[in-house]
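The structure appears right after this line, and notes come after that.
Note on naming: letters A, B, ... go to the chains in the order of the sequence lines (proteins, then strands), and numbering restarts at 1 for each one. The figures here come from the full heavy-atom set of this structure, side chains too, leaving out hydrogens, waters and symmetry mates.
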Number of protein chains: 2
Amino acid sequence: MTADTIREPLTRSSEDYLKAIFHLTQGGEAAGTTDLAQALDLAPASVSGMIKRLSEQGLLAHEPYRGVKLTAEGRRIALRMLRRHRVIESYLVARLDYSWDTVHDEAERLEHAVSDVLVERMAAALGNPLVDPHGDPIPGANGEMLELAHVPLSEVAVGDAVVVRRVDSADAARLRYIADAGLVPGTAVTVVDRQPFRGPMTVRAPSGERIVGHDLAALLLCSRGPR
Amino acid sequence: MTADTIREPLTRSSEDYLKAIFHLTQGGEAAGTTDLAQALDLAPASVSGMIKRLSEQGLLAHEPYRGVKLTAEGRRIALRMLRRHRVIESYLVARLDYSWDTVHDEAERLEHAVSDVLVERMAAALGNPLVDPHGDPIPGANGEMLELAHVPLSEVAVGDAVVVRRVDSADAARLRYIADAGLVPGTAVTVVDRQPFRGPMTVRAPSGERIVGHDLAALLLCSRGPR
DNA sequence: ATCAACACTTAGGATAAACTAAATTACCTG
DNA sequence: CAGGTAATTTAGTTTATCCTAAGTGTTGAT
């Protein structure tokens with residue numbers, strides 16, 4: 001009986017915290033207050049306060065001085081936000097002429113304002129896509145998400161041929177650079193050379209040979225097969 | 001030099017106040033605190049407080065105990081919100097299968113979140129429409145608005161033929177009723193009979209003869225000519 | 001001309017979310 | 001294992017927006 005509390009609608013801030021925590025805990029580790037503060041561009045003390053509120057609402061599991069993880073409910077909400085964000089990005093790019101480097105900020109605001117109905121209409125209009133324009137998987141309406149075994153380009157061996165599937169960045173300038181270099185998702189590339197010690201690598205792409213720095217290569221997630 | 005202050009972005013609340021004041025002052029009269037409170041579903045005291053803040057920001061002209069009007073700047077912002085709202089409604093109906101009775105609430109939230117770029121993209125995608133699905137004129141990007149000489153159906157004389165152009169209501173149930181009665185904008189109707197003392201009237205529409213109450217007829221704005 | 005009713009404003013308080021400054025805890029290093 | 005550093009939390013303040021309660025202004029009816 002006490003199980004399903006009547007949940008009052010979350011604030012924008014709360015939604016942003018949950019999203020950020022979701023991202024930070026992708027690796028399985030709890031998210032630290034400072035990391036969260038950095039991700040959200042807030043003072044650590046502000047984050048401590050919000051962590052307390054969200055924990056009281058049952059959305060976070062907080063071990064003081066140890067960090068936070070999402071509860072099942074918190075995770076459900078985070079995935080809903082992620083779905084919204086990625087469906088919106090997909091729709092804006094496909095139907096309203098947005099480019100993949102400018103679409104993030106718009107989606108960041110809209111994701112807090114759209115209704116579930118609108119998200120589903122947009123998804124349906126696009127044929128329920130499984131990935132967004134950056135190659136990121138779009139969680140389903142029930143929270144299930146395609147999990148793909150991608151390898152960062154920075155870890156592909158010399159001689160190997162892979163396909164760029166996903167670009168792990170929201171930075172507009174970086175995304176434009178990647179597009180200009182002809183390394184968008186779907187591009188087949190072969191590693192020609194790799195320098196050690198996080199040095200640059202050389203890849204052959206349809207657009208020609210490119211020298212790619214290690215940090216950038218680490219953001220280009222690739223697959224060997226057709227997916 | 002002091003003329004153009006750097007204006008920090010308005011809050012959602014402020015935008016809603018400006019919109020409501022715009023509507024209430026359409027007739028030329030100043031808007032009273034109580035009317036505003038009713039329109040926004042807030043306590044009058046809260047409205048007094050916000051009026052003070054918005055006046056200090058130069059968006060309202062407030063005569064204590066006499067009501068408020070918009071300044072030029074306040075009006076500019078209100079028209080921008082109105083454009084957003086009506087462009088969004090138009091887009092959702094045209095492209096995402098919304099019906100005219102459900103679209104209002106969605107637009108009400110989105111109008112605070114969309115960028116100018118997105119609004120213009122949506123408008124362009126629809127060929128820059130001049131009216132929204134309810135027949136309300138959409139202000140231009142520069143604030144100019146088509147002003148049409150419409151007559152409420154409730155004031156059309158017996159025997160006269162007019163075309164419904166605009167429905168002045170945001171209430172979903174009422175809008176559904178109007179659609180069911182076949183009286184959406186664009187419909188040609190002839191007044192067959194009118195009862196006095198705000199009584200019902202009978203009109204002939206393509207869908208058949210309809211008896212329309214006075215209050216509803218007052219919401220159906222009509223024109224005689226092609227517009 | 002007064003006063004009751006209503007409209008409006010002021011005063012004071014609550015909540016959410018941010019901040020800074022100060023205190024506390026954890027952990028690594030020597 | 002003591003101490004220092006970095007991470008975290010607590011305490012107290014600020015801003016925006018709402019509230020209720022109380023006080024003030026306006027006005028129409030007698």
**Request:** Summarise how protein sits on nucleotides 19-26 of chain D as a single string, 5' to 3': B when a protein heavy atom is under 4.0 Å from the base, S for sugar-phosphate-only contact, - for no contact.
**Result:** BBB--BSS

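- Between B:H62 and the phosphate of C:dT9, there is a side-chain N or O to OP1/OP2 separation shorter than 4.0 Å.
- Taking atom CD1 on B:I51 and atom P on D:dT17, their separation rounds to 14 Å, with Å as the unit.
- The residues A:E120 and A:R83 are annotated as salt-bridged, a charged nitrogen and a carboxylate oxygen being separated by less than 4.0 angstrom.
- Contacts between residues 17-34 of chain B and DNA chain D, defined by a heavy-atom separation below 4.0 Å, involve B:Y17, listed by number.
- Regarding A:E15, its CD atom lies at a distance of 16 Å from the P atom of C:dA16, rounded to whole Å.
- With contacts defined as side-chain heavy-atom distances shorter than 4.5 Å, the pair B:R86/B:M145 qualifies.
- The shortest side-chain heavy-atom distance between B:R12 and A:R12 falls under the 4.5 Å cut-off.
- Going from atom CG of A:L42 over to atom CG of A:D16 covers 9.0 Å, rounded to the nearest 0.5 Å.
- Rounding to whole angstrom units, CD of residue A:Q57 and P of C:dA16 are separated by 9 Å.
- The existence of a salt bridge linking B:D116 and B:R84 is confirmed by a sub-4.0 Å separation between a basic side-chain nitrogen and an acidic carboxylate oxygen.
- For B:S48, taking side-chain heavy atoms from C-beta onward, the closest of the listed nucleotides C:dT10, C:dA16, D:dT9 is C:dT10.
- Taking CG of A:L92 as the start and NE2 of A:H104 as the end, the distance is 12.5 Å to the nearest 0.5 Å.
- Put simply, B:R53 has no side-chain N or O that comes within less than 4.0 Å of OP1 or OP2 on D:dA16.
- Rounded to an integer number of Å, the gap from NZ of A:K52 to C1' of C:dA16 is 14 Å.
- Looking at B:R76 and B:E73, a side-chain N of the basic residue comes within less than 4.0 Å of a carboxylate O on the acidic one, giving a salt bridge.
- To the nearest angstrom, C1' of C:dA17 lies 11 Å from CG of A:L54.
- Between the CG atom in B:L60 and the OG1 atom in B:T25 there is a gap of 9.5 Å [rounded to 0.5 Å].
- One finds a side-chain N or O of B:T11 lying less than 4.0 angstrom from the OP1 or OP2 phosphate oxygen of D:dT17.
- Here C:dA18 presents its C1' atom at 12 Å from CG of A:L40, a figure rounded to the nearest Å.
- Side-chain N/O atoms of B:D171 and B:S169 include no donor and acceptor closer than 3.5 Å.
- Atom CG of B:D16 is separated from atom C1' of D:dC18 by 14 Å (rounded to the nearest Å).
- The nearest whole Å value for the distance from the CG atom in A:L36 to the C1' atom in D:dT8 is 12 Å.
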